[in-house]
Amino acid sequence: MTPDLFGETAPPGLAYLPGFALAEEAALIGAALGVAAAAPLRVMSTPGGKKMSVAATNCGAAGWVSDARGYRYERRDPLTSLPWPAMPGLFLTLAQAAAAQAGFAGFNPDACLINCYEPGAKMALHQDKDEADLTAPIVSISLGLPAVFLWGGANRSDKPARLPLHSGDVVVWGGATRLNFHGIAPLPSGHHPPLGAARLNLTFRRALRA
DNA sequence: CAGTCTCA
DNA sequence: TTAA
């Protein structure tokens, strides 16, 4: 456990970078909304047929998709059959800088999943394991309303730590904890000036073989 | 294939 | 909140 400047404690195996992206908050939100203008936010279904509580879209060479056929990465948006929008340069720059700061130099993400949470939306504990390259880390940037990040272990039964995430915070994990279970507790209601009553999460991954 | 969900 |  390493204490940080804001008094929060990063759980083992997780790099916690509070405020790392705060200076670029407005530009990141603008870029994310630009992606959503071309590849609309949509509610995906799990393979079991249940709707997720977040709305999602993607940018980059590959995008994460879930439907009755399963979880996978697709090079094109199933909604428009167009390639996903290009990853904004600012996204790539920040994701690489955060990864480097966390000890993962050379991170070259090709996928950015954008999840939009409205109050009540959540993400149950899960593993990110649909990527072809599990040697690359996961970089997650929070924007808008604060949320509680659930940081579990290698087994679903491991009790997760709870870490508050605010707009501009970045978390990074990889290596030995690359497949750790994680999630987001139900989003409390609130209002964030640039974004309104919502939280956006940008998750960067190397989805295709490096 | 699926627990990125829902309910006990 | 935790287990299943």
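Chain letters run A, B, ... following the sequence lines, proteins first and then strands; every chain starts at 1.
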Check your understanding: Does any N or O in the side chain of A/Trp84 come within less than 3.5 Å of the main-chain N or O of A/Glu74, such that one atom is a donor and the other an acceptor?
Key -> yes
Practice item. Please determine, by modelled atom types, if A/Trp64 and A/Asp130 share a side-chain donor-acceptor pair under 3.5 angstrom. Key: yes
Review point. Could you state the NZ-C1' distance from A/Lys129 to B/dC1, rounded to the nearest angstrom?
Key: 9 Å
**Study point:** Nucleotide forming a Watson-Crick or wobble pair with B/dT6, both distances under 3.5 Å
**Key:** C/dA4
Revision key, fill the gap. Of the listed B/dA2, C/dT1, B/dT6, the closest approach to the A/Pro47 side chain comes from B/dA2
Check your understanding: Which ring pair (Phe, Tyr, Trp, His ring centres under 6.0 Å) pairs, counting each pair once, include a residue from residues 95-142 of chain A, with sequence neighbours left out?
Key -> A/His126-A/His182
Check your understanding: Please give, in whole Å, the distance from C/dT1 P to A/Leu125 CG?
Key -> 13 Å
Check your understanding: NE2 of A/His126 versus P of B/dC5: gap in Å, rounded?
Key -> 8 Å
Exercise for review: Using whole Å, report how far CG of A/Asp67 lies from C1' of B/dA2.
Suggested key: 12 Å
Review point. Atom CG of A/Asn155 and atom P of C/dT2: how far apart are they, to the nearest Å?
Key: 16 Å
Practice item. Just call it for A/Ser66: base, sugar-phosphate, or nothing, with non-hydrogen atoms closer than 4.0 Å on any strand. Key: nothing
Check your understanding: Is it true that atom CZ of A/Arg72 has more than 12 heavy atoms of other residues, nucleotides or ligands lying nearer than 6.0 Å?
Key -> yes
**Study point:** Integer-rounded Å distance: C/dT2 C1' and A/Arg162 CZ
**Key:** 12 Å
Check your understanding: Contact class for A/Asp158 (heavy atom, under 4.0 Å): base, sugar-phosphate, or nothing?
Key -> nothing
Exercise for review: Mind calculating the distance between OH (A/Tyr73) and P (B/dA2) to the nearest angstrom?
Suggested key: 20 Å
Check your understanding: Does A/Lys122 place a side-chain N or O at less than 4.0 Å from the phosphate oxygens OP1/OP2 of B/dT6?
Key -> yes
Review point. To the nearest angstrom, how far is A/Met52 atom CE from B/dC5 atom P?
Key: 5 Å
